[in-house]
Amino acid sequence: MDKLQSLRGMVDLLPEQTAIWQQVEAAARSQFHRAGLAEIRTPLLEATELFARGIGTSTDVVGKEMYSFEDRGQRHCTLRPEGTASVVRAALQHGLLNKGPQRLWYTGPMFRYERPQAGRQRQFHQLGVELLGFADPRSDAEAIAIAWDLLTALGIGNLALEINSLGDACDRSHYRSVLVEWLEARRDQLDPEAQGRISTNPLRILDSKNPETQALLAAAPLLGDCLSASSQQRFERVRQALDRLEIPYQLNPRLVRGLDYYTHTAFEITSSELGAQATVCGGGRYDGLIEQLGGSPTAAIGWAIGLERLVLLLQAAVAPAMHPLAAAQVYVISRGEAAELQALALARTLRQAGCRVELDLTAAAFAKQLKRADRSGASWALLIGEGEIEQGVVILKDLRLSTEQRLPPELAIGELVARFCDAGPQPFSSPTA
RNA sequence: GCGGGCGUCGCCAAGUGGUUAAGGCAGCGGCUUGUGGUGCCGCCAUACGGGGGUUCGAAUCCCCUCGCUCGCCCCA
């Protein structure tokens, strides 16, 4: 196949798709606005080192999924595989945290070199929230609530929230040694994947999907048992807050996220309707990251929603009720040089007055143009031919009733504007409206 | 990186060794001259993802390759 086509895993969003994306973006903006979040936009390209230091070199994302290359100045560059590291970098670079805690949101494409499958592309889009400089357990609940409420507001059901606490750095290294010791004693019962991970990233063995490994793990020591008293207490308060918000959740002691920077609260929102890639939203607290990237110790929590997955759910749930494409209200037809120019001008006048107008740009016969008018979904047509130009009138035709009247252009415009005068585009109105 | 499924016109889709690759939708042209939605007629893949091979003969069999897709891994 030598046809030009998009790169593997890089997906075009066609006009009939973009409407639903715009709806999601609008809902998110509204939600974030009400929550007092400000938008931040960072470059798609960052120094490779940012992700190596931020996400952790033993993670799959950094180890084998990054789009990395050297630019012409021999700089090591990487297309961002996630948003948090960039946001933290930007906050530090511009001293945002010196002004106090930051409540931020972002959206945009991320890149991971993986094998595409349902709900997973190489370029995908995330919508994320980062609350920098907040340590209070209520901030965990607030962050989760923002995500939960956004998904709910969009009409997505069948969602499950799972949470766990990974403790602080101390708890984790303590648990890590306990777990490694336990795993080593059973090394020969583990699958090869898991065996390799004992030394590289033992915690990740916990959410292995290998059934035999899982069976064995049922008896493994739990992270929760290694948490310090204060970590446990903290987690307890997060749960209380969620209870108070009446956000249902399940404790999942095996939930371990794939990025190294997470501490304390980790969570995922999943849907059973997504196939293998069930996570719509994932996030957690990262109290050590900011310091690790050169800032002073600062607590923070954040999450990201996978927009492709969200759109998949929306299409399954509510999209059929939507009319993504806005049909024109008026279709303008003309024949003959003078008429064509007048049509061009009248279409513009109508648009300036707030009507959705489609102008036929062909010189085809009236029958042809009328046929297109009909298919466009417009309910009114404006016809101008040589005869009309001579008489100084236009034909205003009701395509539904098949009635028409000849009248001066100003009156026809006035008639249409009175009917469709709403200013501004109306992306989701029904074509028949 | 590893497995499974698939790959015929813009879309859907027949066709599983024999000289014409169905059909539907969309598109284009026409059916009295400047009036649509239905109807009727016509046009629309020397071509079956690409490359080799088997055969007298292949879209149909074999091999390789590319792509899509689902799953593993991982994650949003």
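Chain naming here is simple, since letters A, B, ... match the order of the sequence lines and numbering starts at 1 in each. Heavy-atom basis, side chains included; hydrogens, waters and symmetry copies ignored.
Separating the C1' atom of B:rU69 from that of B:rC56 is a span of 39 Å, rounded to the nearest Å. A gap of 16 Å separates the P atoms of B:rC9 and B:rG15, to the nearest Å. Rounded to a whole angstrom, the distance from the P atom of B:rG7 to that of B:rC11 is 15 Å. B:rC28 and B:rG10 have their C1' atoms separated by 13 Å, with the value rounded to a whole Å. Across the C1' atoms, B:rA22 and B:rA59 are found 14 Å apart, a figure rounded to whole Å. With both ends at atom C1', the span from B:rC6 to B:rC12 equals 16 Å, rounded to whole Å. Separating the C1' atom of B:rU35 from that of B:rG49 is a span of 45 Å, rounded to the nearest Å. Across B:rC63 and B:rU54, the matching C1' atoms stand 11 Å from one another, rounded to whole Å.
In this entry the distance linking CD of A:Q117 with C1' of B:rG67 reads 17 Å, nearest Å. Residue A:Q277 contributes atom CD, which lies 10 Å from atom P of B:rC75 at whole-angstrom precision. Between the P atom of B:rG71 and the CG atom of A:L274 lies a distance of 10 Å, rounded to the nearest Å. Between A:L190 atom CG and B:rC73 atom C1' there is a gap of 16 Å when expressed in whole angstrom units. In this structure, CD of A:E162 is placed 14 Å from P of B:rC75, rounded to the nearest angstrom. Spacing between atom CD of A:E308 and atom P of B:rC75 amounts to 18 Å, rounded to whole angstrom units. Nucleotide B:rA76 holds its P atom 18 Å from the CH2 atom of A:W148, rounded to whole Å. When rounded to the nearest whole Å, the span between CD of A:Q369 and P of B:rG29 equals 11 Å.
Considering all non-hydrogen atoms of both residues, A:V256 and A:L166 come closest at CA-CD2, 4.4 Å.
Without hydrogens or angle criteria, A:R348 side chain to A:L344 main chain gives no donor-acceptor distance under 3.5 Å. Between the A:Y175 side chain and the A:P221 main chain, a donor and an acceptor come within less than 3.5 Å of each other. Proximity of a side-chain donor or acceptor of A:E82 to a complementary backbone N or O of A:A85 within less than 3.5 Å is detected.
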Can you give one letter per nucleotide of nucleotides 1-8 of chain B, going 5' to 3': B for a protein heavy atom under 4.0 Å from the base, S for sugar-phosphate only, - for none? BBB-----
Indicate for each nucleotide in nucleotides 33-39 of chain B, in 5' to 3' sequence, whether protein heavy atoms under 4.0 Å reach the base (B), only the sugar-phosphate (S), or nothing (-). -BBBB--
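Heavy atoms of A:R257 sit under 4.0 angstrom from primed sugar atoms or phosphate atoms, though from no base atom. Base engagement by A:G119 is indicated by at least one non-hydrogen atom pair under 4.0 Å involving a base atom.
Figure legend. B:rG42 is base-paired to B:rC28; pairs are counted as Watson-Crick or G-U wobble with both atom distances under 3.5 Å. Of the nucleotides present, B:rC70 is the one that pairs with B:rG3 by Watson-Crick or G-U wobble criteria, both distances under 3.5 Å. If you check B:rC61 for Watson-Crick or wobble pairing at under 3.5 angstrom, you find it paired to B:rG53. In this structure, B:rG23 forms a base pair with B:rC12, meeting either the Watson-Crick or the G-U wobble geometry with both donor-acceptor distances under 3.5 Å.
Donor-acceptor pairing under 3.5 Å is recorded for the side chains of A:D140 and A:T265.
Not a single donor-acceptor pair, N or O on each side, falls under 3.5 Å between the base of B:rC73 and the side chain of A:R197.
Here the nucleotide nearest the side chain of A:A304, chosen from B:rC75, B:rG71, B:rA76, is B:rA76. For A:V61, whose side chain is taken as the heavy atoms from C-beta onward, the closest listed nucleotide among B:rG71, B:rU69, B:rC75 is B:rC75.
Position along RNA chain B of the nearest nucleotide to A:R8 versus A:T279 favours A:R8 as the more 5'-ward residue. For the pair A:C281 and A:S6, both in contact range of RNA chain B, the more 5′-proximal nearest nucleotide belongs to A:S6.
A salt bridge links A:R103 to A:E142: at least one charged side-chain nitrogen sits closer than 4.0 Å to a carboxylate oxygen.
In A:Q405, the CD atom is crowded: over 12 heavy atoms of neighbouring residues, nucleotides or ligands sit closer than 6.0 Å. No more than 12 heavy-atom neighbours from other residues, nucleotides or ligands sit within 6.0 angstrom of CD on A:E337. More than 12 heavy atoms of other residues, nucleotides or ligands sit less than 6.0 Å from atom CD of A:Q391.
The shortest distance between side-chain heavy atoms of A:R309 and A:S271 does not fall below 4.5 Å. The closest side-chain heavy-atom distance from A:I40 to A:Q102 is not below 4.5 Å.
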